[in-house]
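To keep things clear, I will list the structure first and then write my remarks on it.
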Amino acid sequence: DTLINQIAAGEVVERPASVVKELVENALDAGARRIDIDLEEGGVRLIRIRDDGAGIPADELPLAISRHATSKIASLDDLEGVATLGFRGEALPSIASVSRFALMSRRQGAEHGASLEVDGGRVGTVAPKPHPQGTTVEVRDLFFNVPARRKFLKAERTELGHIEEWLRQLALARPDVELRVSHNGKPSRRWKGEGELLSDVRLHEALGEEFARNALHVDHFGAVHSTGSGQGLRLHGWIAQPAYNRASADQQYFYVNGRAVRDRSVAHAVKQAYADVLFHGRQPAYVLFLELDPRRVDVNVHPAKHEVRFRDARLIHDFVYRTLQGALAETRAG
Ligand code: ADP
Ligand code: MG
């Protein structure tokens with residue numbers, strides 16, 4: 001079983017940043033309002049994520065670290081409209097099989113907390129442990145038992161950089177959640193909880209003053225014609241005006257129903273709209289959110305869920321292109 005989990009870890013756990021992603025997404029799925037992220041040595045030595053979410057009942061701790069045990073979907077029908085970030089039930093067992101792992105939690109309303117340790121896949125027993133409401137996951141010595149993987153980890157700064165980049169991507173999508181980060185015992189970043197809407201402050205903090213000053217706000221609705229179901233599309237967020245263009249594609253954030261994804265077709269649509277108003281070769285900077293009926297997009301394409309598959313890919317490409325082309329052309333005219 002440990003071996004199977006380690007093989008799965010090869011797909012889900014590439015580096016410390018992927019562990020942070022999986023654990024923070026679990027915290028968000030549990031309804032956390034505040035998440036503390038403590039790191040040592042770029043996350044290689046320690047990743048500790050504490051949340052104030054719903055918590056896990058003591059007797060369900062073993063289930064949480066079993067393969068394909070998820071509390072988030074019960075049927076294939078649920079998968080069609082999945083609203084949580086996780087649903088495959090393989091992150092915790094995978095991570096626990098390649099680290100020294102501890103899960104501590106207290107369920108809302110429970111009198112006591114409990115903990116469960118797993119050492120390189122060897123599962124201990126559930127023990128009582130004081131814990132505030134919510135969950136803490138501790139991951140020490142990532143890949144200590146998989147030297148071939150450990151060898152590929154980069155310098156502390158590089159691994160930390162990947163984590164910070166992922167947290168920035170999250171901070172843009174979830175301004176309602178407070179994130180507190182420390183590295184090697186020192187506070188390194190704090191994203192204050194703000195409310196549902198991404199403020200100029202957070203935009204500025206995440207992407208810099210220049211971006212914020214040049215950011216063009218878009219909010220546009222469209223229809224999925226092909227179905228006739230009346231289900232809509234919405235594209236909102238910011239695209240920087242052409243004056244603020246980039247040599248590289250480093251500030252391109254695209255989210256589908258709140259999930260950060262990479263999609264070639266959409267990236268092409270944005271770039272195309274941008275190229276219409278500016279010379280080719282320069283990169284647009286943007287933070288864009290596409291919302292659509294979750295049944296019209298498949299998020300179960302890859303274990304790490306960076307990719308999605310749209311039912312109406314062509315239509316979405318054109319919607320994104322037209323929306324941004326219109327918005328950018330207006331600034332040029334005015
Ligand atoms: P998935 O997120 O795909 O369900 P995971 O392996 O990431 O699978 O987590 C397994 C299960 O453990 C989750 O379905 C959830 O029930 C529970 N769990 C994990 N992390 C947390 C957390 N921070 N708070 C509450 N429950 C959690
Ligand atoms: Mg998960």
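For reference, positions follow the sequence shown, starting with 1. Computation of the quantities below employed the complete heavy-atom set of this structure, encompassing side-chain atoms and omitting hydrogens, waters and symmetry-equivalent molecules.
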- Message: Checking His236 against Glu291 for the side-chain hydrogen bond (donor to acceptor under 3.5 Å, both in side chains) test, could you report, in this order, the C-alpha distance in whole Å, the side-chain angles of both residues, the deciding distance, and whether it holds?
- Response: CA-CA 8 Å; His236 60 105; Glu291 322 276 354; 2.9 Å; yes
- Task: Would you check, one step at a time, whether the test side chain to side chain contact (heavy atoms under 4.5 Å, CB included) holds for Glu156 with Asn184?
- Result: CA-CA 11 Å; Glu156 174 174 306; Asn184 294 341; 3.2 Å; yes
- Test log, rule side chain to side chain contact (heavy atoms under 4.5 Å, CB included), inputs Asn257 and Val308: CA-CA 11 Å; Asn257 293 339; Val308 293; over 6 Å; no
- Message: Set out, in order, the CA-CA distance, both residues' side-chain angles and the distance that settles side chain to side chain contact (heavy atoms under 4.5 Å, CB included) for Ile49 and Asp36, then state yes or no.
- Response: CA-CA 6 Å; Ile49 313 272; Asp36 288 284; over 6 Å; no
- Evaluation steps, side-chain hydrogen bond (donor to acceptor under 3.5 Å, both in side chains), between Asp276 and Tyr321: CA-CA 10 Å; Asp276 284 358; Tyr321 170 76; 2.4 Å; yes
- Message: Could you walk me through whether Trp191 and Arg189 satisfy the side chain to side chain contact (heavy atoms under 4.5 Å, CB included) test, starting with their C-alpha distance in whole Å, then the side-chain angles of each, then the deciding distance to 0.1 Å, before giving a yes or no?
- Response: CA-CA 7 Å; Trp191 300 92; Arg189 184 105 209 198; 3.4 Å; yes
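Donor-acceptor pairing under 3.5 Å is lacking for the side chains of His131 and Ser105. No side-chain N or O of His183 forms a donor-acceptor pair with one of Glu41 less than 3.5 Å apart. Side-chain contact of Gln6 with Ser97: a donor-acceptor pair under 3.5 Å is absent, judged by distance alone.
Exactly one residue among Arg48, Arg140, Arg50 makes a salt bridge (Lys or Arg N to Asp or Glu O under 4.0 Å) with Asp38. That residue is Arg48. For the salt bridge (Lys or Arg N to Asp or Glu O under 4.0 Å) with Asp141, the lone residue among Arg149, Arg150, Arg100 that qualifies is Arg100.
Contact between Gly237 and His217 at its shortest, heavy atoms only, is O-CD2, 3.3 Å. A pairwise comparison of heavy atoms in Val287 and Tyr255 identifies CG1-CE1, 4.1 Å as the closest pair. Closest approach of Ala215 to Trp238, counting heavy atoms only: CB-CD1, 3.3 Å. The two residues Pro132 and Arg106 come nearest to each other via the heavy atoms O-CB, 3.7 Å. Of all heavy-atom pairs between Thr125 and Leu116, the closest is C-CD1, 3.6 Å. The two residues Ala32 and Val177 make their nearest non-hydrogen contact at O-CG2, 3.9 Å.
In this structure, Leu103 and Ser115 have side chains that are not in contact, with every pair of non-hydrogen atoms separated by 4.5 Å or more. Inter-residue side-chain proximity for Leu203 and Leu172 is flagged as met; some heavy-atom pair is nearer than 4.5 Å. In this structure, Leu324 and Tyr274 have side chains that are not in contact, with every pair of non-hydrogen atoms separated by 4.5 Å or more. Counting heavy atoms from C-beta outward, Val126 and Asp59 have side chains that stay 4.5 Å or more apart. Under the 4.5 Å side-chain criterion, counting only non-hydrogen atoms from C-beta, Glu159 is in contact with Arg15. Taking 4.5 Å as the limit, some side-chain heavy atom of Leu153 sits within range of a side-chain heavy atom of Phe143. Inter-residue side-chain proximity for Arg67 and Ile4 is flagged as met; some heavy-atom pair is nearer than 4.5 Å. Side-chain atoms of Phe254 and Leu235, non-hydrogen and from C-beta on, do get closer than 4.5 Å to each other.
Other residues, nucleotides and ligands contribute more than 12 heavy atoms inside 6.0 Å of the CD atom of Glu178. At most 12 heavy atoms of other shown residues, nucleotides or ligands fall within 6.0 angstrom of atom CZ in Arg45. Around the CZ atom of Arg309, the shell of radius 6.0 Å holds no more than 12 heavy atoms that belong to other residues, nucleotides or ligands. Other residues, nucleotides and ligands contribute over 12 non-hydrogen atoms within 6.0 Å of the CD atom of Glu209.
Judged by distance alone, the side chain of Thr158 and the main-chain N or O of Lys154 form no donor-acceptor pair under 3.5 Å. In this structure, Arg311 contributes its side chain and Arg295 its backbone to a donor-acceptor pair below 3.5 Å. Not a single donor-acceptor pair under 3.5 Å links the side chain of Asp119 to the backbone N or O of Arg122.
We find the CG-CG distance between Leu160 and Leu39 to be 6.5 Å, quoted to the nearest 0.5 Å. For the atom pair CD1 (Ile56) and CG (Leu92), the distance works out to 7.0 Å, reported to the nearest 0.5 Å. With rounding to the nearest 0.5 Å, the separation of CZ in Arg246 from CD in Gln252 is 10.0 Å. We find the OG-CD distance between Ser94 and Glu22 to be 8.0 Å, quoted to the nearest 0.5 Å. How far CD of Gln272 is from CG of Asp318: 11.0 Å, rounded to the nearest 0.5 Å. In this structure, Gln133 CD and Asp52 CG are separated by 7.5 Å, a value rounded to the nearest 0.5 Å.
At a threshold of 4.5 Å between side-chain heavy atoms, the hydrophobic network of Ile, Leu, Val, Met, Phe, Trp and Tyr places Val24 and Ile65 in one connected group. Connection of Leu170 to Val137 is established within a shared hydrophobic cluster, with ILVMFWY side chains joined at heavy-atom distances below 4.5 Å, either directly or through further cluster members. No path of Ile, Leu, Val, Met, Phe, Trp and Tyr side chains, each step under 4.5 Å between heavy atoms, connects Phe289 with Phe310, placing them in separate hydrophobic clusters. Hydrophobic clustering (side-chain heavy atoms under 4.5 Å, transitive across Ile, Leu, Val, Met, Phe, Trp, Tyr) keeps Leu207 apart from Leu288. Cluster annotation: Leu28 is connected to Ile95 through the hydrophobic network of ILVMFWY side chains, with a link wherever side-chain heavy atoms come within less than 4.5 Å.
By the 30° and 60° cut-offs, the orientation of the rings of Tyr244 relative to Phe211 is perpendicular. Ring planes of Phe319 and His220: tilted class, angle from 30 to 60°.
Salt-bridge check for Arg34 with Asp51: failed, with every basic side-chain N at 4.0 Å or more from each acidic carboxylate O. Look at Arg168 and Glu164 and you find no salt bridge, because none of the NZ, NE, NH1 or NH2 atoms lies under 4.0 Å from a carboxylate O. The residues Glu205 and Arg202 are annotated as not salt-bridged, no charged nitrogen and carboxylate oxygen being separated by less than 4.0 angstrom.
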